Asks: 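Encoded as structure tokens, here's the structure I'll be asking about.
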Amino acid sequence: MQDPKETINIENVVASTGIGQELDLQSVAMDLEGADYDPEQFPGLVYRTQEPKSAALIFRSGKIVCTGAKSTDDVHESLRIVFDKLRDLEIQVDEDPEIVVQNIVTSADLGRNLNLNAIAIGLGLENIEYEPEQFPGLVYRLDDPDVVALLFGSGKLVITGGKEPDDAKKAVDKIVSRLEELGLLDG
Amino acid sequence: RLRKWQERIRTKDAGERNLQFALSEIDRMSSALGVPRSVREVASVIYRRALDDDLIRGRSIEGVATAALYAACRQEGIPRSLDEVAEVARVEQKEIGRTYRYIAQELSLGLEPVDPVQYVPRFCSELGLSEEVEQKTREIIEVTAEKGMLSGKSPTGYAAAAIYAASLLCNEKKTQREVAEVAQVTEVTIRNRYQEQIEALGIH
DNA sequence: GCTTTAAAAAGTAAACT
DNA sequence: AGTTTACTTTTCAAAGC
């Protein structure tokens with residue numbers, strides 16, 4: 001296979017922002033087509049964008065969470081659509097609300113099968129969580145970058161908890177070198 | 001001063017009552033699962049350690065007691081699956097698993113992933129299979145796991161498939177349904193693991 | 001703690017055809 | 001038996017219970 005870093009793919013980006021204005025979600029729900037609002041179940045109103053595909057959770061405080069986008073650019077594009085929809089409803093929306101990326105979910109492929117049992121022992125049982133009866137992935141928490149990796153027997157992995165795309169690259173680098181020095185990446 | 005003293009007694013009594021309740025629950029579940037007395041004792045020790053380390057805060061006594069018993073079975077090398085434990089517990093499987101992961105981490109229990117081989121004697125015995133099948137099953141598990149095929153797979157499903165395969169090879173056939181029943185897995189899982197195992201063993 | 005939203009990984013499971 | 005749908009794990013924000 002190739003360089004694992006080349007296989008990194010962003011699967012989901014979660015971000016938060018705010019329009020700087022309080023909202024009457026009941027009336028927004030009435031006027032905004034496709035809006036899902038059930039305050040008994042959840043305090044936020046759900047609005048989905050098609051292109052780029054994402055889901056926005058809009059709160060009474062005017063704060064918004066956007067999730068499901070495949071890149072930080074898509075997050076901005078999705079939120080631009082949400083802002084414009086709200087402006088169409090004659091709601092005041094700040095000029096350029098600050099958008100903060102809270103979490104990036106990434107997938108990657110180490111290109112070779114992994115013996116999770118050996119890796120669990122090698123990395124140290126106190127540093128990992130591997131309960132195949134409950135979930136097929138091995139959970140590995142890194143300090144720097146501060147992310148969580150899920151390793152699978154196929155060699156594929158998920159990196160989550162990062163704030164910037166670069167965190168996934170750093171994490172894959174660390175994981176690869178750690179497994180290599182343990183002699184668990186060959187065979 | 002008297003109130004303070006009474007409060008202390010009350011707290012102490014409540015703590016005692018809670019501990020007694022937890023230990024009686026461990027006893028009740030142990031009996032239902034048919035685990036030896038030594039396992040109950042290990043479970044009690046784990047529960048007391050969790051209590052001493054304040055791990056019960058924010059969790060139910062019942063959940064910690066159940067997780068302690070699940071951990072004790074594993075520590076003693078005679079595991080019960082979460083499914084089996086959940087059947088006799090008063091908390092749901094998801095909470096048992098979550099609580100087990102928490103106390104295992106906090107108490108540094110250092111338990112390795114369950115080895116499918118540890119389920120073999122009990123399952124084979126329940127199925128009335130011979131020592132020969134049991135030995136063949138162990139061989140199948142060891143040889144295929146060596147090839148890295150165990151990664152991510154459920155230990156019970158893996159053991160069940162190997163038992164099914166061994167029963168065929170030793171002419172003591174048990175149906176997938178019979179094996180699935182004692183291992184608490186579906187026939188689909190046995191079929192999938194069985195196909196992989198016989199392919200890896202080169203039995204065609 | 002919980003509720004909701006999204007997404008990937010791989011295993012298991014249940015409901016259908 | 002094969003397909004589809006769905007749930008397990010991790011992460012994160014939001015407001016309220």
Side-chain angles (χ1 to χ4, degrees), chain A residues 7-18 22-23 25 36-49 52-71 74-75 78 99-110 113-114 116 129-142 146-163 167-168, chain B residues 57-60 63 81-83 93-95 97-98 101 150-158 160 176 180 183-193 195-196:
Chain A
T7 69
I8 292 176
N9 191 31
I10 293 177
E11 306 289 353
N12 183 23
V13 178
V14 182
S16 59
T17 186
E22 289 231 339
L23 290 167
L25 294 183
D36 285 337
Y37 181 48
D38 184 358
E40 303 280 302
Q41 194 174 105
F42 187 69
L45 179 154
V46 182
Y47 180 74
R48 293 175 170 79
T49 62
K53 193 180 159 205
S54 76
L57 305 178
I58 306 171
F59 298 87
R60 184 185 45 78
S61 62
K63 291 190 175 179
I64 300 174
V65 170
C66 178
T67 184
K70 293 284 184 192
S71 68
D74 280 357
V75 166
S78 291
I99 295 172
V100 181
V101 172
Q102 303 285 358
N103 179 29
I104 297 179
V105 183
T106 298
S107 66
D109 191 350
L110 298 181
N113 290 337
L114 301 176
L116 298 183
E129 250 183 46
Y130 175 49
E131 291 295 328
E133 186 185 346
Q134 301 181 55
F135 185 69
L138 183 153
V139 182
Y140 185 37
R141 286 162 210 279
L142 312 205
D146 188 7
V147 299
V148 173
L150 306 179
L151 307 179
F152 296 87
S154 64
K156 291 189 176 171
L157 64 153
V158 170
I159 309 280
T160 186
K163 301 273 189 210
D167 288 339
Chain B
R57 210 168 270 182
R59 253 159 285 271
S60 71
S81 67
L82 281 175
D83 204 277
Q93 186 176 324
K94 195 170 160 181
E95 194 194 328
R98 187 187 300 151
R101 289 188 326 248
L150 180 55
S151 288
K153 270 81 167 187
S154 133
T156 47
Y158 207 87
Q176 293 181 358
Q184 294 282 271
V185 297
T186 64
E187 295 160 74
V188 178
T189 295
I190 292 186
R191 234 171 272 138
N192 292 336
R193 295 301 136 254
Q195 288 301 334
E196 290 175 0

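Residue numbering restarts at 1 for every chain, and letters A, B, ... go by the order of the sequence lines. Nothing here was measured: the structure is a model prediction, and the numbers come from that model. Below, each value reflects all heavy atoms present in this structure, side chains not excepted, and no hydrogens, waters or symmetry copies.
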Asks: Within this structure, what is the CG-to-P distance between A:Leu45 and D:dA15, rounded to whole angstrom?
Replies: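 Whole-Å distance recorded here is 14 Å.
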Asks: A:Phe59 and A:Val65: which non-hydrogen atoms are nearest, and at how many Å?
Replies: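 Shortest heavy-atom separation between A:Phe59 and A:Val65 comes out as CE1-CG2, 4.1 Å.
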Asks: Using a 3.5 Å distance criterion without hydrogens, assess whether the side chain of B:Ser151 forms a donor-acceptor pair with backbone atoms of A:Leu116.
Replies: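 Yes: the side chain of B:Ser151 pairs with the backbone of A:Leu116.
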Asks: If you check every side-chain atom of A:Lys156, which of C:dA9, D:dC12, C:dA6 has the closest atom?
Replies: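 Closest nucleotide among those given: C:dA9.
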Asks: Report the stems of DNA chain C as range-with-range entries sorted by first number; a stem here is at least three consecutive pairs, Watson-Crick or G-U wobble, both distances under 3.5 Å, and write none if there are none.
Replies: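 For DNA chain C the paired stretches long enough to count as stems (3 pairs minimum) are C:1-5 with D:13-17, C:10-17 with D:1-8.
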Asks: Using the C1' atoms only, state how far D:dG2 lies from C:dA9, rounded to an integer number of Å.
Replies: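 Those two atoms are separated by 23 Å.
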Asks: What is the distance from CG of A:Leu116 to P of D:dT9, rounded to the nearest Å?
Replies: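 That distance rounds to 17 Å.
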Asks: Please give the distance between the P atoms of C:dC2 and D:dT9 as a whole number of Å.
Replies: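 Looking at atom P only, C:dC2 and D:dT9 are 10 Å apart.
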Asks: Any side-chain N or O of A:Lys70 less than 4.0 Å from the OP1 or OP2 oxygen of C:dA6?
Replies: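 It does not, given that no N or O in the side chain of A:Lys70 lies less than 4.0 Å from OP1 or OP2 of C:dA6.
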Asks: Taking donor-acceptor contacts at under 3.5 Å, does the side chain of A:Thr67 reach the base of C:dT5?
Replies: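 No pair found.
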Asks: Please list, chain by chain and in numerical order, all residues satisfying side chain to side chain contact (heavy atoms under 4.5 Å, CB included) with A:Thr160, sequence neighbours excluded.
Replies: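 Result, side chain to side chain contact (heavy atoms under 4.5 Å, CB included) vs A:Thr160: A:Asn103, A:Val105, A:Val148.
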Asks: For B:Ser81 and A:Glu133, what are the C-alpha separation, side-chain angles and deciding distance, and is it a side-chain contact (heavy atoms from CB on, under 4.5 Å)?
Replies: CA-CA 8 Å; B:Ser81 67; A:Glu133 186 185 346; 3.4 Å; yes
Asks: OP1 or OP2 of D:dT8 less than 4.0 angstrom from a side-chain nitrogen or oxygen of B:Arg98, does that happen here?
Replies: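 Negative; the distance criterion is not met.
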Asks: Would you indicate which nucleotide in C:dA9, D:dT11, D:dA13 comes nearest to any side-chain atom of A:Phe152?
Replies: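 Between C:dA9, D:dT11, D:dA13, the one nearest the side chain of A:Phe152 would be C:dA9.
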Asks: Tell me whether the OP1 or OP2 atom of D:dT8 has a side-chain N or O from B:Lys94 closer than 4.0 Å.
Replies: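 Result: yes.
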Asks: So, is A:Ser16 close to the D:dA14 phosphate, meaning a side-chain N or O under 4.0 Å from OP1 or OP2?
Replies: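 No, no such contact exists.
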Asks: Going by side-chain hydrogen bond (donor to acceptor under 3.5 Å, both in side chains), name the residues that satisfy it together with A:Asp36, two or more places apart in sequence or in a different chain.
Replies: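 A:Arg48.
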Asks: Using heavy atoms to find the nearest nucleotide of DNA chain C for B:Gly58 and A:Ala55 separately, return the residue whose nucleotide is more 5′.
Replies: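 First, find each residue's nearest nucleotide; the 5'-ward one identifies B:Gly58.
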Asks: What does A:Val158 touch in the nucleic acid at a heavy-atom separation under 4.0 angstrom: a base, only the sugar-phosphate, or nothing?
Replies: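 Counting heavy atoms under 4.0 Å across all strands, the contact made by A:Val158 includes a base.
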Asks: Roughly, in whole Å, what's the span from CD in A:Glu11 to C1' in C:dA6?
Replies: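 Atom-to-atom, A:Glu11 to C:dA6, this comes out as 11 Å.
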Asks: Could you write nucleotides 11-17 of chain C as a row of B, S and -, 5' to 3', where a protein heavy atom under 4.0 Å of any base atom gives B, of only sugar-phosphate atoms gives S, and otherwise -?
Replies: SSSS---
Asks: Does A:Ser54 offer a backbone N or O that forms a donor-acceptor pair with the side chain of A:Thr49 under 3.5 Å?
Replies: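 Pair found, side chain donor or acceptor close to backbone of A:Ser54.
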Asks: Flag yes if more than 12 heavy atoms outside A:Lys163 fall under 6.0 Å of its NZ atom; otherwise flag no.
Replies: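 Count over threshold, so yes.
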Asks: So do the side chains of A:Tyr37 and A:Tyr47 get within less than 4.5 Å of each other, counting heavy atoms only?
Replies: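 Not in contact.
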Asks: Please lay out, stage by stage, how A:Ile10 and A:Lys70 fare under the test side-chain contact (heavy atoms from CB on, under 4.5 Å).
Replies: CA-CA 6 Å; A:Ile10 293 177; A:Lys70 293 284 184 192; 5.5 Å; no
Asks: Each nucleotide N or O in nucleotides 2-5 of chain D that has a protein N or O under 3.5 Å away: list the pair and distance.
Replies:
none

Asks: Would you kindly give the OH-to-C1' distance between A:Tyr37 and D:dG16, to the nearest whole Å?
Replies: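 Result: 11 Å.
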Asks: Mind checking whether A:Val101 and A:Val14 have side chains closer than 4.5 Å, heavy atoms only?
Replies: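 Heavy-atom side-chain distance check fails, nothing below 4.5 Å.
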Asks: Evaluate the side-chain proximity of A:Val13 to A:Asp74: yes if any heavy-atom separation is below 4.5 Å, no if none is.
Replies: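 The answer is no; the side chains never approach within 4.5 Å.
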Asks: Over how many whole Å does the gap from A:Phe59 atom CZ to D:dA13 atom P extend?
Replies: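 The answer, rounded to whole Å, is 12 Å.
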Asks: Nearest whole angstrom, please: distance from the P of D:dG16 to the CG of A:Leu57.
Replies: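 These atoms are roughly 15 Å apart.
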Asks: So which nucleotide from C:dA7, C:dA10, C:dT4 ends up closest to the side chain of A:Phe135?
Replies: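 For the A:Phe135 side chain, the nearest candidate turns out to be C:dA10.
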Asks: Can you list, in residue-number order, the parts of residues 99-108 of chain A that come under 4.0 Å of DNA chain D, counting heavy atoms only?
Replies: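 The answer is A:Gln102, A:Asn103, A:Val105.
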Asks: Between D:dG16 and A:Arg60, is there an OP1 or OP2 to side-chain N/O distance shorter than 4.0 Å?
Replies: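 Yes, because at least one side-chain N or O of A:Arg60 sits under 4.0 Å from OP1 or OP2 of D:dG16.
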Asks: Of all the nucleotides listed (C:dA10, D:dT10, D:dC12), which has the minimum atom distance to the side chain of B:Arg101?
Replies: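 Nearest nucleotide to the side chain: D:dT10.
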Asks: Is there side-chain contact between A:Ile58 and A:Leu23, with at least one heavy-atom pair below 4.5 Å?
Replies: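 Yes; the side chains approach each other to less than 4.5 Å.
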Asks: Rounded to whole angstrom, note down the P distance from D:dT8 over to C:dT3.
Replies: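 It works out to 10 Å between them.
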Asks: Looking at every heavy atom in both A:Ile64 and A:Ala56, which two are closest together, and how far apart are they?
Replies: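 For A:Ile64 versus A:Ala56, the nearest heavy atoms are CG2-CB, 4.2 Å.
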Asks: Would a 4.5 Å heavy-atom cut-off, applied to side chains only, mark A:Pro39 and A:Arg60 as touching?
Replies: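 Result no, sub-4.5 Å side-chain heavy-atom pair not found.
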Asks: May I ask you to say what A:Ser54 touches in the nucleic acid, namely base, sugar-phosphate or nothing, with a heavy-atom cut-off under 4.0 Å?
Replies: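 Counting heavy atoms under 4.0 Å across all strands, no contact is made by A:Ser54.
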Asks: Look at B:Glu196 together with B:Arg193 and state whether they make a salt bridge at an N to O cut-off of under 4.0 Å.
Replies: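 Answer for the salt bridge query: yes.
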Asks: Would you indicate whether the side-chain heavy atoms of A:Asp167 and A:Ile159 approach each other to under 4.5 Å?
Replies: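 Not in contact.
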Asks: Nearest whole angstrom, please: distance from the P of C:dA10 to the OH of A:Tyr130.
Replies: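 Those two atoms, OH and P, are 13 Å apart.
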Asks: Taking atom P of C:dA6 as reference, at what distance in whole Å does atom CG of A:Asn9 sit?
Replies: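 To the nearest whole Å, that distance equals 19 Å.
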